Amino acid sequence: MIPAIFLSLPDLRCSLLLLVTWVFTPVTAEIISLDTENIDDILNNADVALVNFYADWCRFSQMLHPIFEEASNVIKEEYPNANQVVFARVDCDQHSDIAQRYRISKYPTLKLFRNGMMMKREYRGQRSVKALADYIRQQKSDPIQELHDLAEITTPDRSKRNIIGYFEQKDSENYRVFERVANILHDDCAFLAAFGVVSKPERYSGDNIVYKPPGHSAPDMVYLGSMTNFDGTYNWIQDKCVPLVREITFENGEELTEEGLPFLILFHMKEDTESLEIFQNEVARQLISEKEFLENSSSLYLTYILENYTENSIMVLTQLILPQERKSRM
């Protein structure tokens, strides 16, 4: 029998999401300490960066340090180039401005960055060397499925949002931009690509990107902007991959609250698709021009704890919690 261990927590912000098996060998890894002077330069030049936001007084932050360091050693052996993968940390007591910038309100928090852009989904997996190393390996894997026959396009999973790129060659700036966007948004869309002879029938006007929405009735959409312009390509694909109306589930509820956006929620029965369609159309009509503003808003917002009365629909609002920004200052 494994004895139970009870720890006195100095602050509820110090939390351990999962049980940790803390077995490690002391290592001498160099974890980059970030501050206001170096954070932008280091993160902007890193293909992938995993950042540990911690507080020294937090027991769980102390427990994570050697695990984080050993995971860094394991990954550095596989990705030795300095900018391929970076493991870094931020002392949130000494650098409260950085903690506020990234809306850190609990410790330790692990955030993933790609070329300086923070991913919305923080790391919520097990705090172990193997789990952290596997997570980084997954992030370094190719997010794009290559098509070897255009017949494969007729059988994509239409329950998902599909982004398909048609390129003359893989070694091109067009594809490098597409790949960079796919690395950021692969959790929201399925990315596919075809090259050379395979893609030629779809490249009648040059390289292009096509969005295939869920379902079989909605028409495809073609990107008309410059494919070498990262911001334009990213914004167009993000608009297709991250809809204005999203379903709240127990799996994504906490993640959505951490985006920092206000909530407008429709409570509906699972079979009531008519109300859902009306709601989606009205939201699109009212807010489509304000989407970019909303996505970049840092204003106060409300977080809700919800109970799920049906398999897929959130039905009851049970508790209203303090706005997140106010909570982080408590």
Side-chain angles (χ1 to χ4, degrees), residues 13-18 20 22 24-141 143 180 183-187 230 255 258-260 298 328:
R13 293 171 297 169
C14 176
S15 61
L16 191 66
L17 298 181
L18 296 175
V20 174
W22 192 25
F24 68 95
T25 302
V27 293
T28 57
E30 288 189 16
I31 305 298
I32 300 175
S33 294
L34 301 178
D35 54 39
T36 53
E37 294 183 359
N38 69 4
I39 186 169
D40 290 329
D41 181 61
I42 290 174
L43 295 184
N44 288 342
N45 288 289
D47 294 339
V48 171
L50 187 62
V51 180
N52 174 18
F53 293 87
Y54 72 95
D56 276 333
W57 51 260
C58 173
R59 173 63 172 164
F60 296 123
S61 290
Q62 297 168 17
M63 292 172 64
L64 181 61
H65 284 321
I67 297 171
F68 195 70
E69 290 172 354
E70 189 171 350
S72 173
N73 274 354
V74 171
I75 290 299
K76 284 180 180 178
E77 290 182 2
E78 300 177 25
Y79 302 97
N81 293 344
N83 293 331
Q84 281 185 296
V85 179
V86 168
F87 278 69
R89 61 190 173 194
V90 175
D91 184 333
C92 293
D93 285 335
Q94 290 189 10
H95 303 289
S96 58
D97 54 335
I98 297 178
Q100 185 175 10
R101 173 180 173 181
Y102 295 111
R103 298 184 183 136
I104 305 301
S105 59
K106 60 183 184 298
Y107 314 106
T109 292
L110 297 178
K111 292 280 191 180
L112 186 78
F113 293 78
R114 289 184 178 277
N115 302 112
M117 181 180 293
M118 185 181 73
M119 302 296 96
K120 290 182 179 180
R121 292 173 174 84
E122 71 179 60
Y123 175 76
R124 301 180 186 276
Q126 186 180 4
R127 263 55 167 182
S128 71
V129 173
K130 182 180 184 303
L132 289 174
D134 286 345
Y135 174 70
I136 293 300
R137 293 186 189 105
Q138 181 185 28
Q139 296 302 316
K140 291 294 291 181
S141 63
R180 185 179 169 192
N183 276 317
I184 297 171
L185 295 174
H186 66 271
D187 287 332
F230 170 77
E255 170 194 314
E258 291 177 348
E259 289 187 22
S298 59
S328 66

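Count residues from 1 along the sequence. Values in this document were obtained by computation on a predicted structure and should not be read as measured data.
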Pairing residues for Asn115 by the side chain to side chain donor-acceptor pair (under 3.5 Å) criterion, not counting sequence neighbours: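 Side chain to side chain donor-acceptor pair (under 3.5 Å) list for Asn115, sorted by chain: empty.
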
Lys/Arg N to Asp/Glu carboxylate O, Lys130 vs Glu70, below 4.0 Å: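 No.
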
Using only atom types and a distance under 3.5 Å, with no angle test, would you say the side chain of [X] pairs donor to acceptor with the backbone of [Y]?
X: Tyr123; Y: Gln126; answer: yes
X: Asn81; Y: Asn83; answer: no
X: Asp35; Y: Asn38; answer: yes

Minimum side-chain heavy-atom gap [X]-[Y] below 4.5 Å:
X: Tyr54; Y: Gln62; answer: no
X: Phe87; Y: Asn52; answer: no
X: Ile39; Y: Tyr102; answer: yes

Check side chain to side chain contact (heavy atoms under 4.5 Å, CB included) between [X] and all other residues, then give those that pass, not counting sequence neighbours.
X: Met119; result: Leu112, Arg114, Met117, Ile184
X: Ala88; result: Ile32, Leu34, Val51, Val86
X: Arg137; result: Val74, Ile75, Glu78, Ala133, Asp134

Distance, nearest 0.5 Å, that separates [atom1] of [X] from [atom2] of [Y]:
X: Ser72; Y: Leu50; atom1: OG; atom2: CG; value: 9.5 Å
X: Ile136; Y: Ser141; atom1: CD1; atom2: OG; value: 11.0 Å
X: Cys58; Y: Met63; atom1: SG; atom2: CE; value: 9.5 Å
X: His95; Y: Glu37; atom1: NE2; atom2: CD; value: 9.5 Å
X: Ser61; Y: Lys106; atom1: OG; atom2: NZ; value: 12.0 Å
X: Asp187; Y: Lys120; atom1: CG; atom2: NZ; value: 11.5 Å

Non-neighbouring partners of Phe230 that pass ring pair (Phe, Tyr, Trp, His ring centres under 6.0 Å), sequence neighbours left out: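 Expected list: Tyr234.
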
Residue pair Ile67 / Ser128: nearest heavy atoms and the distance that separates them: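 Scanning both residues, the minimum pair turns out to be CG2-C, 3.6 Å.
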
Residue pair Asp56, His65: steps toward the side-chain contact (heavy atoms from CB on, under 4.5 Å) verdict: CA-CA 10 Å; Asp56 276 333; His65 284 321; 4.3 Å; yes

Atom pairs and distances, side-chain donor-acceptor, residues 40-49, under 3.5 Å, sequence neighbours left out:
residue: Asp40; atom: OD1; partner: Arg101; partner atom: NH1; Å: 3.3
residue: Asp40; atom: OD1; partner: Arg101; partner atom: NH2; Å: 2.8
residue: Asp41; atom: OD1; partner: Asn45; partner atom: ND2; Å: 3.2
residue: Asn44; atom: ND2; partner: Asp40; partner atom: O; Å: 3.0
residue: Asn45; atom: ND2; partner: Asp41; partner atom: O; Å: 2.7

Whether Phe113 and Phe53 hold their rings parallel, tilted or perpendicular, with breakpoints at 30° and 60°: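 If you compare the ring of Phe113 with that of Phe53, the planes turn out tilted.
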
Sequence neighbours excluded - salt bridge (charged side-chain N to carboxylate O under 4.0 Å, His left out) pairs with any residue from residues 89-99: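 Listed once each, the pairs are Glu69-Arg89.
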
